[in-house]
Amino acid sequence: MTLAPPERYADLDHAATTRLRPEALEAMTPFLGPRYGNPSGTHLLARDAVRAVDDARERIAGHLGCEPGELVFTSGGTEADNHAISGGLPPRPGVPLCSAVEHHAVLDTVLALGGRVIDVDDRGRVDLAHLAALLDELGTEVSVVSVMAANNETGVIGDLDAVAEVVRAHEPDVPRTPVHTDAVQAAPWLDLRTAVAAADLVSVSAHKLGGPKGVGALVVRHGVTVAPLLHGGGQERARRSGTPDVAGIVGFAAALDATVESRVDDVRRVAALRDRLAAGLLAAVPGLVLTVLDREGEAGSGEGSGVLPGICHVCIPDVDSESLLFLAEGDGVYAAAASSCASGAQQSSHVLRAIGVDASLADGALRLSLGWDSSDDDVDLALEVLPAAVERVRSFG
Ligand code: PLP
C-alpha cells in the first residue's frame with residue numbers, strides 16, 4: 001500500500017532527503033536495466049560498468065576539486081563519516097575530536113572511540129580557543145579533528161579554514177592530524193572546492209542533492225592514510241570493498257552536475273523563498289524566535305547570511321513540536337523537529353542544547369528546509385497552515 005501525499009502539500013523537509021532530479025533518474029535507468037554489469041569483471045558488460053563508474057568519478061572529483069583517485073564511493077554520508085573518524089579497521093590510534101553540533105554519524109563514532117567534544121558558540125561555530133586547548137592537552141594523541149561544513153538542523157555554515165589553521169598551527173607532529181568535514185548538508189548549496197582544499201577528509205551524500213539514497217563518497221586527500229572500513233574484494237583500490245552501486249554512482253554524478261549547473265540560481269531563488277517563509281512566520285506567530293537567522297538582516301540577505309539558503313529553523317514558545325508537526329501534516333505541511341532519526345521519535349536536540357537554546361524553547365523547535373524543487377506554493381501553504389496550527393496547539397493549553 002502506498003501512502004500517497006494529498007494533491008496539495010509542501011515538503012519542508014529537504015534536509016532529510018530530496019526528490020531525485022530528473023537528470024539523475026534518466027542517467028541511472030539504463031544501469032537498472034540492460035547495463036547491469038559488475039565493474040569487478042573483465043568482459044564487455046563489466047567494462048561498460050567500469051567506464052560508467054570512472055566517468056562518474058571524474059565528474060564528481062572535478063566538482064569537488066580533488067583527483068578522481070582521491071574519491072572513495074560509499075553507501076552514503078554515514079559510512080563516509082564512520083570511515084573518516086575511525087580511520088578504518090583497525091581504527092586509527094588516538095583520540096578523535098569533533099564539534100558538539102555534529103550529526104550523530106560523526107558524534108556517536110567519536111564518542112564510541114573515546115573521543116572528545118569541542119565546544120561551540122551560540123550559533124554552533126567551533127570555539128577555536130577550546131579546540132586549541134584540547135590540541136595542547138592531547139598533542140600527538142589527536143587522531144582526527146572533525147567539524148561539519150554546515151549544520152543539518154540550523155543550517156549554520158562552519159569556518160573550516162579557521163579550524164584547519166588552528167590544527168596546522170599545533171603541528172610539529174608527523175604524520176599530520178587529519179581534518180575531516182561532513183559536507184553532506186553543504187553540498188547542495190556551497191562550492192565544495194573550498195572545503196576540500198581546507199580538509200583532508202570530506203564526506204558527501206547523493207540523496208541530499210537530488211541523487212539516489214544509499215550512495216555517497218569520502219574524499220581522502222593524497223598523503224592521508226585510511227585503512228579500509230569494509231574488507232573483502234578490494235574494490236575502490238582496496239579502500240572500500242563491496243560491489244559498487246553503479247546506477248547509484250551514475251545518478252550521484254548526474255545530480256551533482258545538475259546541482260553545480262544551477263547552483264547560483266538555486267541559491268538565490270531558495271534563499272529568497274526561505275527569507276519570505278522566515279519573515280512570514282515571524283509576523284504571523286506571536287513569540288516565534290528565528291533560532292539563528294537575524295531578525296532583520298538575514299531575512300533578505302540569503303547567501304551572505306552564514307546560514308544555508310534552504311534552512312529556516314525556528315523555536316516557538318508554548319508549543320511542543322510533536323503536536324505541531326502532527327497538525328501541520330494533517331494540512332499537508334511536512335517538516336521536522338530536529339534532524340531525522342531512524343526511529344522517527346522526537347529526541348531533544350543536542351545541537352540546540354550545545355548552542356544554548358533554552359530547553360522549554362527547544363521543545364517547540366521546527367526545522368523547515370527547502371530544496372532544489374521548492375516553490376512559492378510551498379511557502380504559501382506553510383504560511384497558511386503553520387500559524388493556524390500553532391494557535392490550535394496553544395489552545396489545547
Ligand atoms: N551528515 C549529515 C550532516 C547529515 O545531514 C546526514 C543525513 O541526514 C548524514 C551525515 C548521513 O548521511 P546518509 O543519510 O547518506 O547516511
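Here the structure is a predicted model, which means the values were calculated and not measured. First listed ligand is number 1; within each ligand, the first listed atom is number 1.
The backbone N or O of His207 lies less than 3.5 Å from a partner atom in the side chain of Thr18, making a donor-acceptor pair. With hydrogens and angles ignored, the 3.5 Å screen pairs no side-chain donor or acceptor of Arg274 with any backbone N or O of Leu368. The closest donor-acceptor contact from the side chain of Gln185 to the backbone of Ala15 lies under 3.5 Å.
Under a 4.0 Å criterion applied to the non-hydrogen atoms of Asp81, ligand 1 contributes the atoms 1 (N), 10 (C). The distance from ligand 1 to the heavy atoms of His207 drops below 4.0 Å at these ligand atoms: 13 (P), 14 (O), 15 (O). Residue-ligand proximity, Gln185 to ligand 1, at heavy-atom distances under 4.0 Å covers atoms 3 (C), 4 (C), 5 (O). Residue-ligand proximity, Ser205 to ligand 1, at heavy-atom distances under 4.0 Å covers atoms 13 (P), 15 (O). Counting atoms of ligand 1 from 1 in the listed order, those under 4.0 Å from a heavy atom of Gly76 are 15 (O).
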Output, in order, the C-alpha distance, side-chain angles, deciding distance and verdict of side chain to side chain donor-acceptor pair (under 3.5 Å) for Asp377 and Ser375.
-> CA-CA 5 Å; Asp377 288 347; Ser375 68; 4.5 Å; no
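By the criterion of a heavy-atom distance under 4.0 Å, the side chain of Lys208, and not its backbone, is placed next to ligand 1. Neither the backbone nor the side chain of Glu79 has a heavy atom within less than 4.0 Å of ligand 1.
Leu282 is connected to Val333 through a chain of hydrophobic side-chain contacts under 4.5 Å among Ile, Leu, Val, Met, Phe, Trp and Tyr, so both are in one cluster. Under a hydrophobic clustering in which Ile, Leu, Val, Met, Phe, Trp and Tyr are joined whenever their side-chain heavy atoms come within less than 4.5 Å, directly or via other members, Leu128 and Val117 fall into different clusters.
For ligand 1, the polar-atom distance check against Gly77 finds a nitrogen or oxygen pair separated by under 3.5 Å. In terms of polar-atom proximity, defined here as any N/O pair under 3.5 Å, Thr78 does make such a contact with ligand 1.
Ring pair Phe252/Phe73 is perpendicular by interplanar angle, where above 60° counts as perpendicular and below 30° as parallel.
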